[in-house]
Structures are given as structure tokens and as C-alpha cells.
Visitor: 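Let me give you the structure first, and then I'll get to my questions.
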Amino acid sequence: MKHEQITLAIKQWVEDHRTEAVELARSLVQIESVNHPPTGNEAEYQRFFADWMISEDAEVDVYELSEVQGLREHPAYMDSRQYVNRPNVVGRFFGGQTGRSLLFSGHADTVYEGKEPWTYPPFSGEVADGKLYGRGAYDMKGGMAAALMAVKCLKQLNVPLAGSVYIESVVDEEHGGANGTLAGRLRGPHTDMAIIPEPSNLKLYPAHLGGGIWKATFTGKGGISFAGEKLVSALEATVEFANMLKAFDSYRKDSLEVPSWWKHGRKAEVALLTIFSGDINRELQEKLPATGELNFWIEGYPGMTGESIINELWDFYHDRLAEYPLLKSCKPVIQPLIRYLSASEMKLDAMGTDFIRSVTESGSKVAGLVPEPPEGSPFACDGFMFNLYSTTPALILGPSGGNAHSADEFLNLSSYEQLILWYAQIIVDWCGVLGMDGN
């Protein structure tokens, strides 16, 4: 079978298996796999994932993180999570040893469904108007389902691949996790290249932002000044610090040197997440609150650390303190709530550059896609575990959709179909075919 024939066969197979592809993605969404730090609920999802790959004749490795030698001692390990009955799963498809290898790696866990109203129940997997709704549909079960369907397509077409393809489902990526991803890098597989099917909207992201969540706490003097007491409202101090953070956001966007990956995209941001003050269990407050808390998220570029970002914030705080007088008498105490997820970029040596070229050409061949020039992702993820702590560079490429981490999260099904086509062609072009391409 020639390359052109394989491409035509892939297109026909995906068209003939549309219903099956949608049902697979629905099945993944219908399995609740919410991360509840320090624990998580990924076990059922991981069993389904392993069983599906076994049914497709993959060599499957299901392992507990406690089995991974050197994991807890690794400098990138975050020692605040529990992993009983939270296994990683990886399957190996095709057995060729002469071609290049490829890994699809994604996380099994999702954020929780939230308290906002959903149009459809968050774990129903409802399909409407060309969209699949549900928690994790977009981030990132749709992308993982596309990888599974791509290998099934090539298996059923009997394409004799020259290299091995792996699909890995890791636990605990959300909420600053990534220990599952680190475990995979230590245990293997150690492939030539990796694709992370995070929701990239069919864009190529060879680099991704970093980010962390911090809490600022404020202690004032509450009450009512009947006797002339000097009171300090922790709530007003918290709001003042929130305004300072917004000013810090503008300052960073104007002053930071932006790496080329993000020159034409979204810049690293500062975002306010939650504010609490006083007794949050009482609707009626009869005094100035003495306590306040503000949780915030700050993003960074490759090379930055959580410590350097907070040091930069403190420098800004001291330089601007005259503009925020309440913060003189009610100074924040800042502590991290999650690990800092480092920004990273894949190594673009000869192999990395060839991979980007191959992926771009594959999209044009099979799906008629003309991908935009590669850029940096507007989000943080676990890609740094590949790019900083392994020999396997990772490219982010996933489906389109919307409302990630929010109500009515959805996967765009037309992009999901395009991604199956694209993944299948990437595998053929990158791993090679026995009897062709010198294999």
C-alpha cells in the first residue's frame, strides 16, 4: 500500500466509524474522574482505558506510582498528594523497531464540575448541535479518545508501522499535580517524540506557559469603633491588594521580555481567583472584618520560577506601597497553594524541527488543514515534565471546543474527527511503514 493509498484509506475509515468515535469519547466523559486533592477519583477511568487498549491487542502496563523507583526522591516530585488506587496506564501498539517512536500522553483527571448550572448534566456526555458536552470533554478526554481511535484505524487497515506507538493516561495533572506525568518519564516509555492532546484548538504548541496559585492572607483589627478604637478592615486591605495585583498584571505585560512563542498570542497574566473576608458562614456581618484571604494565579515564561515571580511581586509591592496605604498597616502573608508549573519548550534540534515539519505536512495531507505557525500555548500544563526532566520532547496538539474548567464544557465534534485523521497520518509519517521509507 502506497502512502497516498494509506491516506485515502484513513479518510474512508474515519468517515465509516464516526458513530463509534463519538461513542468512545462519550464513554470517557461519562466516567467521573474528578481530582480531589490530595486524592483523586481516576481508578474507574483508568480501568476502562486499560481494558480498551487490551481489547485492541496493546501491551498494557498498569502501575501504581509507588512502584516507580526514584519518584519520591526526584526534585520535581510534589510531596502533598496520595496515590492509593490511582494507577497510571500505558499501552504499546505495533511492534516495529526500525522506525521512530511516538507517545500520546494525557491526564485522566478533571477538575470538579462546579456549582454553576449546566445545560446538560456534567457527566451525561450529551451530544447536541455538533458538540459533545461534559466535564473533561474538551480538557482532555476528547484528545485522548482521538489518539485511541487513530491507532484503531491503523490497526484495522493493517498498516505495517515501522515504529512503536504508545498511549499513556496519567493521574493527577490538575491542581498543580503532574506527579503522574513524572512517574511516566521515569518508568518510560522513552520515545523519540510525544504529543500531549491538551485542547489546543488544532494549533501546534511547541511551548507552554507556566503558572502557580498563591494565597495572600490579611489580619486587621475588626469590630465597631464605639470607643474610638483604631480599626483596620482586612476586607478593604484585601481589595486593595487585588487592585495592586491588577496593576502588577499591567506592569508585567509592559515590562517583561516576551519570548518569540508568545509575541503574537496571549501574554502571561495575573488572575484573581477567590476573595474571602470575615465569617463567610454568616450572611449578616455586624462589624468590620478582621481577616481576609485572596487566592491568585500568576503565569510565567520558560526560565522563570515561582520564587522569582513572587520576589518580583514583592519588589512591585514595596515600590508602589504609597499608592496603597492600607497595605502598610495590613501587610499580606503570601504562600503557595500548589507547585509552580514550570513553563517549557520542546527542544528544536534536527529531530524536533523535523517532527514539527512532519506534523504540519500530515495535517495538510489528510485533513486539508493549513496549521498556523507554531506558537506558545496560552495555558500551563504538564509538558515541562517531558521538556525539562526527560529525553522526550513534547508537542501540544488537541481538539477545539470551549468552556474548559467551567459549566457546559464541550468538545467540537468536527475538530475531533479532524484530529483522528491528523493523528493517524502523523503516526504513519513519523513512525514510518515497513517496506517503505527505507524501513
Side-chain angles (χ1 to χ4, degrees), residues 18-37 40-42 44-46 48-49 106-149 169 171-177 196-203 205 208-209 211 213 265-266 269 271-275 295-297 299 338 341 377-382 396-420 422-423:
R18 282 175 176 160
T19 300
E20 180 184 351
V22 172
E23 286 305 308
L24 175 60
R26 290 187 71 229
S27 296
L28 297 183
V29 171
Q30 287 168 345
I31 302 173
E32 181 181 342
S33 57
V34 176
N35 195 328
H36 300 284
N41 192 30
E42 303 100 331
E44 182 184 352
Y45 179 92
Q46 295 293 68
F48 179 95
F49 215 90
H107 58 85
D109 58 317
T110 71
V111 297
Y112 91 120
E113 61 272 26
K115 296 183 178 180
E116 304 93 341
W118 287 65
T119 303
Y120 306 101
F123 302 107
S124 63
E126 291 288 341
V127 173
D129 301 321
K131 300 173 182 177
L132 168 61
Y133 287 90
R135 175 57 77 234
Y138 183 42
D139 180 21
M140 58 180 296
K141 295 180 178 180
M144 293 302 287
L148 293 174
M149 290 301 296
S169 181
V171 298
D172 191 33
E173 189 269 355
E174 300 287 4
H175 308 295
I196 300 176
E198 288 276 8
S200 75
N201 300 302
L202 300 179
K203 294 181 179 180
Y205 292 150
H208 64 88
L209 289 174
I213 299 175
R266 186 175 75 75
E269 293 186 346
L272 308 180
L273 302 178
T274 57
I275 290 181
N295 292 354
F296 57 97
W297 163 266
E299 294 171 336
I338 64 171
L341 298 160
S377 82
F379 52 77
C381 68
D382 58 354
I396 299 167
L397 173 61
S400 300
N403 299 332
H405 292 209
S406 183
D408 289 341
E409 178 179 354
F410 70 89
L411 169 70
N412 183 307
L413 289 175
S414 64
S415 80
Y416 171 55
E417 181 174 327
Q418 286 180 302
L419 195 63
I420 298 170
W422 199 352
Y423 281 173

Visitor: Before giving the answer on side chain to side chain contact (heavy atoms under 4.5 Å, CB included), spell out for Leu132 and Val22 the whole-Å C-alpha distance, their side-chain angles and the decisive distance to 0.1 Å.
Guide: CA-CA 8 Å; Leu132 168 61; Val22 172; 5.6 Å; no

Visitor: So, Asp139 versus His405: side-chain donor-acceptor pair below 3.5 Å or not?
Guide: yes

Visitor: Working to the nearest 0.5 Å, report the span between CD of Glu174 and CD1 of Ile338.
Guide: 10.0 Å

Visitor: For side chain to side chain contact (heavy atoms under 4.5 Å, CB included), just list the numbers for Asp109 and Tyr45, CA-CA rounded to whole Å, side-chain angles, deciding distance to a tenth of an Å, and then say yes or no.
Guide: CA-CA 9 Å; Asp109 58 317; Tyr45 179 92; over 6 Å; no

Visitor: With Asn295, which of Leu273, Leu272, Ile275 fulfils side-chain contact (heavy atoms from CB on, under 4.5 Å)?
Guide: Leu273

Visitor: Considering non-hydrogen atoms only, spot the tightest contact between Leu419 and Gly143 and give its length.
Guide: CD2-CA, 4.1 Å

Visitor: In terms of the angle between their ring planes, are Phe410 and Tyr138 parallel, tilted or perpendicular, with boundaries placed at 30° and 60°?
Guide: parallel

Visitor: Is the side chain of Arg135 donor-acceptor paired with the backbone N or O of Pro122 at a distance under 3.5 Å, no angle test?
Guide: no

Visitor: Could you go step by step and tell me if Tyr205 and Glu198 meet the side chain to side chain contact (heavy atoms under 4.5 Å, CB included) rule?
Guide: CA-CA 10 Å; Tyr205 292 150; Glu198 288 276 8; over 6 Å; no

Visitor: For Met144 and Pro197, which heavy atoms make the closest approach, and how far apart are they?
Guide: SD-CG, 3.8 Å

Visitor: Roughly how far, to the nearest 0.5 Å, is the CG atom of Leu24 from the OH atom of Tyr416?
Guide: 5.0 Å

Visitor: Does Phe123 offer a backbone N or O that forms a donor-acceptor pair with the side chain of Gln30 under 3.5 Å?
Guide: no

Visitor: Looking only at non-hydrogen atoms, find the nearest pair between Ala128 and Tyr133 and report the distance.
Guide: O-CE1, 3.9 Å

Visitor: With no hydrogens and no angle check, is any side-chain donor or acceptor of Asn403 less than 3.5 Å from a backbone partner on Asp408?
Guide: yes

Visitor: How far apart are the closest heavy atoms of Leu202 and Ser400, and which atoms are they?
Guide: CG-OG, 4.0 Å

Visitor: Can you check side chain to side chain contact (heavy atoms under 4.5 Å, CB included) on Arg266 and Leu209, steps first, answer last?
Guide: CA-CA 10 Å; Arg266 186 175 75 75; Leu209 289 174; 3.8 Å; yes

Visitor: Nearest heavy-atom pair of Trp118 and Glu409: which atoms, and what distance?
Guide: CZ3-N, 3.5 Å

Visitor: Rounded to the nearest 0.5 Å, how far apart are CE of Met149 and CZ of Arg18?
Guide: 12.0 Å

Visitor: To the nearest 0.5 Å, what is the distance between CG (Asn412) and NZ (Lys131)?
Guide: 7.5 Å

Visitor: Is the shortest side-chain heavy-atom distance between Met140 and Ile196 below 4.5 Å?
Guide: yes

Visitor: Hey, which of Lys141, Gln46, His107 is the one that makes side chain to side chain donor-acceptor pair (under 3.5 Å) with Ser169?
Guide: Gln46

Visitor: Please name the pair of heavy atoms, one in Gly40 and one in Glu42, separated by the smallest distance, quoted to 0.1 Å.
Guide: C-OE1, 3.3 Å

